[in-house]
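Right, one structure below, let's go through it.
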Number of protein chains: 2
Amino acid sequence: MPDSPARSTGAHFVYAELKRRILTRELKPGERLYEPAMAAALQVSRTPLREAIRRLISENLLEQQPTGGVLVPQLDAAVISELYEVRAAMESLMARNACTKASAADIEALHAILARNAALVEFADDAMQQGMALHAKIAGIAGNSWARRFHDQISSQMERYRHFTNSTQERRDQALAQHRTLVDAVAAGDPDAAAKIAFDHVMAARDAALKAISASGLAFS
Amino acid sequence: MPDSPARSTGAHFVYAELKRRILTRELKPGERLYEPAMAAALQVSRTPLREAIRRLISENLLEQQPTGGVLVPQLDAAVISELYEVRAAMESLMARNACTKASAADIEALHAILARNAALVEFADDAMQQGMALHAKIAGIAGNSWARRFHDQISSQMERYRHFTNSTQERRDQALAQHRTLVDAVAAGDPDAAAKIAFDHVMAARDAALKAISASGLAFS
DNA sequence: ATCATCATACTTGTATACAACTATGCAAGC
DNA sequence: GCTTGCATAGTTGTATACAAGTATGATGAT
């Protein structure tokens, strides 16, 4: 997934386009993909289309049926919990590593993001974006390519569920506070504290998300 | 990767065979793959071969060059550390979850594995195998499919490095002791303790591996 | 002698044709 | 009426042919 700037080939375009349609729900969960029709729609032959499909399957953004034939995986509340847990483990690790690797400039950058986060805390979309920027910065500082790789896959998956998780003002305030303590721990160079804070922070996000989903009536998939 | 029991197709066979050759170093790090030659050697056309190659690329068991063309990724001591860290995060999460999900039968099974582990602690290969069985059992109890998925990918990667990490008797004794305390924590249902023990345990394995590698002269790749 | 340029062989990327397989509907038998 | 078997349409899996791009070596100029 970090290999996006590869050689511009038809298969790459199809991959990006299909991924976009899946994440935006233009392709609906449960919907089956028919190769000839999709190839015609995207104006390529089946060969590069199949290549893109296979790649998406191995990222679990498409699902192969035992009988042959692929479809967009159904959304499932149980898996959300799993995703948040794994993401918590990743963010926790990265926060830990960031403690020993962060430069003074890094710390400054984190504080700058925090400031923007605070200024935008009443606007759901912007606050979310700043929060993601903070985690991305920490991931960059940590510099574990495998952790980033998995984290990116998780993020793609969670993108599919975002429509269900409109954050409340209360949750945004809580998240901001947690981000502050997280940055403090990183700045202080306390790996154990940072790891625990990051883990609990993501798990709190999970609880909020699950609550929002069940409240929204679980009209799912 | 858990989707192994898929429909028996040529591409699946090629995938499994190529993966085997990479993990066993029959295909050497740095070696480039030429599609026509490899297709002929495996007695399939380039189409299923390419499908297998693409899948292995997305698992980082093959690497695509910007210029086009794929090769077996070079082994690199730095990445070992990353892999162990991510694995530590995964095992830590799974140990945590196992605490709340383990049945009495599960605990019993863990103790049985521990007993075999203890009996075989002087035999490097068997001890390693029992250790992996223990972690696999815990992963099964935890029941987070995404964690397992990532854990499997990490395990495949580490398989490539196993030749360099012959464990010492001291390390095996230490690992057994750590496994004991881990099972105790799971049996006691103490998630925080189990998570910390699992994390530290894998990190200790990392230190031992890195030490063994640098001692073995770092004649790498 | 060194470097630039080009021709050539070979590689990967794509399209298309074909084979094998799956599912659906209809008819025949129970 | 319900099930079983089969024919048919349509799908996926594979092979092959072709186009586009890449690297290597030779040839010529400086």
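By convention in this document, chain letters (A, B, ...) are assigned in the order of the sequence lines, proteins followed by strands, and residues within each chain are numbered from 1.
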Calculate the interatomic distance between [X] atom [atom1] and [N] atom [atom2]; express it in whole Å.
X: A/I57; N: D/dT12; atom1: CD1; atom2: C1'; answer: 12 Å
X: B/H12; N: D/dT12; atom1: NE2; atom2: P; answer: 15 Å
X: A/Q64; N: C/dT22; atom1: CD; atom2: P; answer: 12 Å
X: B/F13; N: D/dG13; atom1: CZ; atom2: C1'; answer: 16 Å
X: A/R50; N: C/dG13; atom1: CZ; atom2: C1'; answer: 16 Å
X: B/L62; N: C/dT12; atom1: CG; atom2: P; answer: 12 Å
X: B/E35; N: C/dT11; atom1: CD; atom2: P; answer: 10 Å
X: A/L33; N: D/dT12; atom1: CG; atom2: C1'; answer: 13 Å

Minimum-distance pair of heavy atoms, taken over all atoms of A/A11 and A/A52: O-CB, 3.9 Å

Tell me whether A/E17 is salt-bridged to A/R20, with the criterion being a basic N under 4.0 Å from an acidic carboxylate O. yes

Given the rule in the ring pair (Phe, Tyr, Trp, His ring centres under 6.0 Å) test, do A/H179 and A/H135 qualify, once you have shown the distances and angles that lead to the verdict? CA-CA 9 Å; A/H179 284 161; A/H135 290 293; 5.1 Å; yes

Distance below 4.0 Å between A/R32 side-chain N/O and D/dG10 OP1 or OP2: no

What's B/I53 touching, base or sugar-phosphate or nothing? Going by heavy atoms closer than 4.0 Å. nothing

Evaluation steps, side-chain hydrogen bond (donor to acceptor under 3.5 Å, both in side chains), between B/S58 and A/R55: CA-CA 7 Å; B/S58 75; A/R55 189 169 163 196; over 6 Å; no

Would a 4.5 Å heavy-atom cut-off, applied to side chains only, mark A/R206 and A/M203 as touching? yes

Just so I know, are the side chains of B/L210 and B/S81 near enough to count as touching, which here means a heavy-atom distance under 4.5 Å? yes

In residues 38-49 of chain B, which residues come under 4.0 Å of DNA chain C by heavy atom? B/R46

Taking the six-membered ring of A/F199 (Phe, Tyr or Trp), confirm whether the NZ or CZ of B/R96 is under 6.0 Å from its centre and within 45° of its axis. yes

Does the pair A/S103 and A/D106 meet the rule for a side-chain hydrogen bond (donor to acceptor under 3.5 Å, both in side chains), with working shown? CA-CA 5 Å; A/S103 68; A/D106 289 330; 3.1 Å; yes

Any N/O pairs under 3.5 Å between the protein and nucleotides 7-10 of chain C? List them or say none.
none

Does A/N60 offer a backbone N or O that forms a donor-acceptor pair with the side chain of A/Q157 under 3.5 Å? yes

Using the side-chain heavy atoms of B/T67, tell me which of these nucleotides is nearest: D/dA23, D/dT12, C/dG13. D/dA23

